[in-house]
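Please read the structure below before turning to the comments.
We count ligands from 1, going down the list as the structure has it; atoms in each ligand are counted the same way.
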Amino acid sequence: MTRSVSQVEQYEKCPHQYELQRLKRVKPRPAAWSHQGTAFHAAAEMYEEGGRKLTADQVTELFRDDYARLVNESLAEESNLDNWMTAGTDGQSDIEARYVLGMEQTRAYVQWAGEHEPAIWKDPAGKPGIETHLTADIGGVTVQGYVDQLVERPDGSVRVRDLKTGSTKSKFQLQTYGVLARKVLGVEVNDADWYMAKTGGLSRPVDLTSVTEADVADRFVKMDQGVKAGNFPARPGFHCRFCDVSHACSFRRG
Ligand code: SF4
């Protein structure tokens with residue numbers, strides 16, 4: 001059983017949602033914001049892996065193609081746009097608005113990376129720290145994470161960077177990735193930050209110097225034990241509005 005930050009955060013928010021989505025395999029309702037985030041990440045990843053040689057037009061084309069593919073795949077499975085999740089608007093308008101937004105955010109990322117030229121860390125074999133898959137034992141639980149970027153600092157340490165298209169930020173995610181990077185790669189990690197696509201710049205750095213494996217282990221252990229015990233109570237609340245399996249839940253609120 002490999003655990004992740006998203007599993008922990010979902011289980012803590014609503015164990016029943018975890019059960020419906022991950023164990024009962026309820027088909028989640030599509031959301032254009034999810035495709036926007038996925039396509040943005042894929043475009044930024046290809047731009048960085050290619051050594052920032054692509055033009056902004058080429059990178060936005062990558063976003064456009066991936067976004068269209070993802071939206072079309074979801075439409076093939078759920079053609080009724082009333083069943084898509086949106087933040088208040090109708091499904092069709094949301095798909096169109098997020099296409100425009102994603103194109104702008106992708107172009108802004110290329111501009112920002114070209115101006116600031118963050119130094120991507122490379123492993124001894126020369127592999128760049130882009131979308132790095134890390135797995136390690138934390139508190140007796142196997143934990144994995146995909147780190148968007150590992151950035152080399154002037155003092156030789158490595159900074160964990162997460163790219164965000166939404167506004168929800170998770171310090172726990174950065175802390176876990178910092179611990180994983182130290183354990184798996186043997187690098188010094190003192191801080192982390194987010195690239196915020198909404199603002200086109202970096203957040204303030206999050207200090208990780210005093211964050212240890214023991215600090216993050218507790219939440220993984222509790223979640224792991226809860227799942228193994230079959231403990232999946234519903235915790236309805238405001239977050240039910242953004243629950244993609246709410247159509248299969250009899251406890252939903254709002
Ligand atoms: S609708 Fe609410 S209570 Fe039901 S699974 Fe989703 S988050 Fe949990």
### Message
Going by side-chain hydrogen bond (donor to acceptor under 3.5 Å, both in side chains), D193 matches just one of Q149, R159, R204. Which one?
### Response
R159
### Query
Among all protein non-hydrogen atoms, which one is nearest to atom 1 (S) of ligand 1, and what is the separation to 0.1 Å?
R252 CB, 3.3 Å
### Task
Give a yes or no on this: more than 12 heavy atoms of other residues, nucleotides or ligands lie within 6.0 Å of atom CZ of R241.
no
### Query
Which bit of H239 gets closer than 4.0 Å to ligand 1, counting heavy atoms only: side chain, backbone, both or neither?
side chain
### Message
A cation-pi test, strictly: NZ or CZ of R161 under 6.0 Å from the centre of the six-membered ring of Y195 and no more than 45 degrees from its axis. Yes or no?
### Response
no
### Message
Hydrogens and angles aside, do E78 and N80 bring a side-chain donor and acceptor to less than 3.5 Å of each other?
### Response
no
### Task
Give a yes or no on whether K222 atom NZ has more than 12 heavy-atom contacts from other residues, nucleotides or ligands under 6.0 Å away.
no
### Summary
Counting heavy atoms under 4.0 Å, the part of C240 that contacts ligand 1 is both
#### Entry: Student check: side-chain heavy atoms of V211 and F172 closer than 4.5 Å
no
### Query
Counting only heavy atoms not in M196, do more than 12 sit closer than 6.0 Å to its CE atom?
yes
### Task
Output the list of atoms in ligand 1 that are nearer than 4.0 Å to some heavy atom of Q17, sorted by atom number.
5 (S)
### Message
At less than 4.0 angstrom from any non-hydrogen atom of P236, what atoms of ligand 1 do you find?
### Response
3 (S)
### Query
In ligand 1, which numbered atoms sit nearer than 4.0 Å to a non-hydrogen atom of S246?
1 (S)
### Task
State whether H16 contributes an N/O/S atom found under 2.8 Å from atom 2 (Fe) of ligand 1.
no
### Message
atom 4 (Fe) of ligand 1 and C249: any N/O/S contact shorter than 2.8 Å?
### Response
yes
### Task
Looking only at protein heavy atoms, identify the closest one to atom 6 (Fe) of ligand 1 and say how far it is in Å.
C243 SG, 2.4 Å
### Summary
the protein heavy atom lying closest to atom 8 (Fe) of ligand 1 turns out to be C14 SG, 2.3 Å
